[in-house]
Asks: 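After the structure tokens below, expect a handful of questions from me.
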Amino acid sequence: MTYPIERVATLIGAQRQGNTEAHISFVLTDSRSLCFPEETLFFALRSNRNDGHNYIPELYRRGVRCFVVEEVPERAAELFGDANFLCVSSTRQALQQLAQRHREAFDIPIVGITGSNGKTMVKEWLYQLLSPQMVVTRSPRSYNSQIGVPLSVWLLNSHSQLGVFESGISQKGEMQALHDIIKPTIAVLTNIGSAHEENFSTPEEKCREKLRLFEGAEVMVYNADDALVTHVLNETNNGGQHLAWSTKSPDVAMFVTKIDKQPTHTTIHYIYKGGEPASYSLPFIDEASVCNSIICATVCRYLGLDANTIGERISKLEPVAMRLEVKEGLNGCTLINDSYNSDINSLDIALDFMNRRPDHNGQQRTLVLSDILQSGLPDAELYREVSSLVEQRGVQKFIGIGPKICANKGCIALAEQHFFASVEEFIRSSVFKGLHNEVVLLKGARSFGFDQLTELMVKKVHETTLEVNLNAMVDNLNYYRAMMHPNTKLVCMIKADGYGAGAVEIAKTLQDHRADYLAVAVADEGATLRRNGITSNIMIMNPEMTAFKTMFDYDLEPEVYSFRLLEALIKAAEKEGITGFPVHIKLDTGMHRLGFDPEKDVPRLIERLHNQNALIPKSVFSHFVGSDADQFDDFSQQQFERFDMGSKMLQAAFEHHILRHIDNSAGIEHFPQRQLDMCRLGLGLYGINPRNNAIINNVSTLRTTILQLREVKAGDTVGYSRRGTIDHDSVIAAIPIGYADGLNRRLGNRNGYCLVNNQQAEYVGNICMDVAMIDVTGIDCHEGDSVEIFGDNLPVTVLSDALQTIPYEVLTGISNRVNRVYFQD
């Protein structure tokens, strides 16, 4: 849908400066995601760490002419002559208000979903169940925040027959704005769990906040067996129809009479509104899926689907893989796998992700796309829109799969394009065999079998993988940014190959989220980043004298900690004819590892730096010995006093501003008054709070699979040297991970455990080089089942505590032969 700019100004109550005619189809809050500038309205959002107003000149150069601002830029008429500025008191509230007014234009059923868990699964399953008969507009991925909800609701268009939107909150007072935007006719609560509990005084307060979404809804879907939810709902008396479900009470609308779990599926028997008994079979057995399926069946019955149709469609429900994965492919290719579904909105998000990745060794961008189903658009219009998207997002090769996309190939304007009726035909083609040195985005509806492509194109590795959650890492970045002073810069530590997570992909994400500096250990690590398209400032923490040429060639900024290193670096730079090469001065304030003495060495250091022009000090820093422990606070104070004295002396000696930094992850939180010009974020970036070893947002999950199960009699032994004596008849599983992969041998002989189907399984006997054995007695498991070594359900700190070491050692010890899989929710 399109709005004239004057209509937008009226809807959000803005004062307009500029009179250029424009029609708005797209709203933008992130300058990096610009696609159609002429039809885009940019909201210049402000936060503690960023200000969207700073990106107006760049967006104007790229063709954007319409901006919602809190302040009109200086000399706007001179610098942005044909731009429209809509001035408001709050750009965030204006975005929400525009979405609210847009929502009011639609008299269709709108499902609003909230809850601690399961929101995305319920949303996606409702889409799978209802899209065969109506056009469903839903939240992309997990767009459920104060910004994500208005962006989602904006997607409603003239073809929409049903809206399904998530709403997520983390603190009191957030739900009212989301309710006013969504205005659900059908409000759904999945559950009330422990997430964000720390931001509410009581579980009742959190429940009450979530249930604000129910205000004014015609229908309310919830679990009547949850006493807290029922109590709060009865207290609020919203007046809508209670469409509750229960396994205990026959007095509710959806009475679940029996749940029959089988090894591969679950059969749910129910009575809806006192009618005939009915049932459906769900192809999942976990408790969360069962509860979410009951919610979906309840909503579908309310919307008019009969029991037989629901049963048929639920039996075909697909897993909800809401993660966009990045994997290493064959023939120099990088695979971006986003093939859980195919629709125009998720396609745009995936294309944006691919387009924002830095070039890697000249890889061209290739899209493999299946037919887009249930879009509500005429095919020709749909694929013309696809063509515009792929052109704007920098796709160079287009591969279409499916009868509809083949029939409309004339709508695709790319120079290089190929079309195939099926995945099988594509696999047999020379085009598939010729994929080489490309970034390949796989975007296909599940029914087209894109899993075959992934299987064939992924570089084969053994079955142990390290899954790296890029969203979680960004959340950790923002967690620490929220504690920092707005003008304090941040150095993100990605040495030791990104603490074992893989420095290249981590660096790409950090660069995309505007980290001020990246830091690696040695020059070769920095050169690898540069060769993979990283343009951010890179600091070298342990420069080697044999690597000066590499640092000069790749613009890598070394720390300097001794006069010997300083003299060698000056000599090497002068030989290359280099002047003003940035370096970072390290002071030893008590660690006694590396660094200049603040009292004895700094005067001589200043004199030497003044008597040359090859190098220029960019920053001066030091390390706290124990910022993670209160017991060292007195010593930390002494360290800071020494650093303050030495660093200020250095600053005063130069006209340019030299950045000062001493706080690390623990220091950011523990010593906020010492954040200075910059801080260094290390372990905290990877989700571990060094102050208490608590997990912030887990980034890395190490998984493997069960290779074989065998029954072992009491008295027998398992593994080398007969260390693993079995004291009762047991079931032992072999898993393909060993000390060559980074699984420490000291965890063997029941000194540690992993998780199989979320149950603890101890390591039995000695851990081998490539294989370990675990005791799965009493655990319902099969060959091929997943095993979690550490991750979301088994924190890495459990392993480090068992090994009497630190999480750093466990994370950095994961071998390079373990495949890294990167994903974004």
Side-chain angles (χ1 to χ4, degrees), residues 108-119 121-123 125-130 133-134 136 162-165 167 179 182-192 207 210-260 266-282 287-315 317:
I108 60 175
I110 299 289
V111 181
I113 307 169
T114 191
S116 299
N117 308 102
K119 296 184 293 293
M121 181 177 286
V122 169
K123 177 198 69 181
W125 278 0
L126 284 175
Y127 175 78
Q128 290 182 37
L129 293 169
L130 294 166
Q133 66 191 70
M134 61 176 67
V136 181
L162 175 72
V164 185
F165 303 111
S167 57
H179 166 272
I182 298 172
K183 285 192 177 66
T185 58
I186 304 168
V188 173
L189 176 69
T190 57
N191 59 29
I192 296 290
C207 180
K210 287 185 181 292
L211 289 177
R212 287 185 182 275
L213 183 67
F214 282 40
E215 293 174 5
E218 297 172 10
V219 175
M220 298 173 287
V221 180
Y222 61 96
N223 180 3
D225 295 339
D226 189 318
L228 173 62
V229 172
T230 303
H231 167 70
V232 173
L233 265 179
N234 289 338
E235 209 178 52
T236 54
N237 191 25
N238 283 327
Q241 178 183 347
H242 287 237
L243 208 64
W245 65 273
S246 172
T247 60
K248 301 174 182 177
S249 172
D251 299 327
V252 299
M254 185 70 161
F255 177 41
V256 178
T257 58
K258 183 181 180 183
I259 297 175
D260 183 16
T266 305
T267 301
I268 290 96
H269 301 264
Y270 69 92
I271 298 173
Y272 180 72
K273 289 189 172 180
E276 293 295 318
S279 66
Y280 62 82
S281 287
L282 175 74
E287 195 64 33
S289 293
V290 170
C291 293
N292 291 331
S293 76
I294 296 170
I295 293 169
C296 291
T298 304
V299 173
C300 289
R301 287 301 300 261
Y302 173 77
L303 289 172
L305 266 67
D306 60 74
N308 291 334
T309 303
I310 290 174
E312 179 186 346
R313 292 181 185 172
I314 283 186
S315 68
L317 281 177

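Heads up: numbering here begins at 1 and tracks the sequence.
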Asks: To the closest 0.5 Å, what do you measure between CG (L130) and CZ (R313)?
Replies: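 L130 atom CG to R313 atom CZ measures 7.5 Å (nearest 0.5 Å).
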
Asks: Could you state the interatomic distance from NZ (K210) to NE2 (H179), rounded to the nearest 0.5 Å?
Replies: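 Here the rounded value is 15.5 Å.
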
Asks: Mind checking whether I310 and L129 have side chains closer than 4.5 Å, heavy atoms only?
Replies: no

Asks: Are side-chain heavy atoms of N223 and V229 found at a separation under 4.5 Å?
Replies: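 Side-chain contact under 4.5 Å: no.
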
Asks: Does any part of the side chain of L126, heavy atoms only, come nearer than 4.5 Å to the side chain of V136, both counted from C-beta?
Replies: no

Asks: Taking the side chain as C-beta and beyond, is there a heavy-atom pair between M121 and S289 under 4.5 Å?
Replies: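 Of all side-chain heavy-atom pairs linking S289 with M121, at least one is under 4.5 Å.
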
Asks: Rounded to the nearest 0.5 Å, what's the gap from CG on N292 to CD on E287? Could you check?
Replies: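 Output value for this atom pair is 10.0 Å.
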
Asks: Just wondering, do I295 and M254 contact through their side chains at under 4.5 Å, heavy atoms?
Replies: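 Side-chain contact under 4.5 Å: no.
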
Asks: About how many Å separate SG of C300 and OH of Y272, when rounded to the nearest 0.5 Å?
Replies: 10.5 Å

Asks: Please check this pair: side chain of N117 against backbone of N191, looking for a donor-acceptor N/O pair closer than 3.5 Å.
Replies: no

Asks: Stepwise, does the side chain to side chain contact (heavy atoms under 4.5 Å, CB included) test hold for K183 with I110?
Replies: CA-CA 7 Å; K183 285 192 177 66; I110 299 289; over 6 Å; no

Asks: If you count every heavy atom of other residues, nucleotides or ligands that lies below 6.0 Å from E276 atom CD, does the total exceed 12?
Replies: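 No, CD of E276 has 12 or fewer neighbouring heavy atoms, counting only those of other groups under 6.0 Å.
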
Asks: Parallel, tilted or perpendicular: which describes the rings of Y270 and Y280, with under 30° parallel and over 60° perpendicular?
Replies: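 Y270 vs Y280 ring planes: tilted.
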
Asks: Taking everything shown except K258 itself, do over 12 heavy atoms lie less than 6.0 Å from its NZ?
Replies: no

Asks: Is there a side chain to side chain contact (heavy atoms under 4.5 Å, CB included) between T298 and Y222? Walk through the geometry before answering.
Replies: CA-CA 10 Å; T298 304; Y222 61 96; over 6 Å; no

Asks: Does some side-chain heavy atom of I259 sit less than 4.5 Å from a side-chain heavy atom of T266?
Replies: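 Yes - at least one pair of side-chain heavy atoms lies under 4.5 Å apart.
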
Asks: Mind checking the OG1-CD spacing from T185 to E218? Nearest 0.5 Å is all I need.
Replies: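 Here the rounded value is 5.0 Å.
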
Asks: Please check this pair: side chain of D225 against backbone of T247, looking for a donor-acceptor N/O pair closer than 3.5 Å.
Replies: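 At least one qualifying donor-acceptor pair exists.
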
Asks: How far apart are the closest heavy atoms of S167 and L213, and which atoms are they?
Replies: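 Shortest heavy-atom contact: OG-CD2, 3.5 Å.
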
Asks: For the backbone of V290 and the side chain of S293, can you confirm whether one donor and one acceptor N or O come within less than 3.5 Å of each other?
Replies: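 Here the side-chain-to-backbone pair exists.
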
Asks: Any side-chain to backbone donor/acceptor pair from T230 onto A224? Under 3.5 Å, distance only.
Replies: yes

Asks: Do I186 and L303 touch side chain to side chain, with heavy atoms closer than 4.5 Å?
Replies: yes

Asks: Sub-3.5 Å donor-acceptor pair from the side chain of S315 to the main-chain atoms of S281, do we have one?
Replies: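 Judged by distance alone, no pair lies under 3.5 Å.
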
Asks: Is any side-chain heavy atom of P184 closer than 4.5 Å to a side-chain heavy atom of F165?
Replies: no

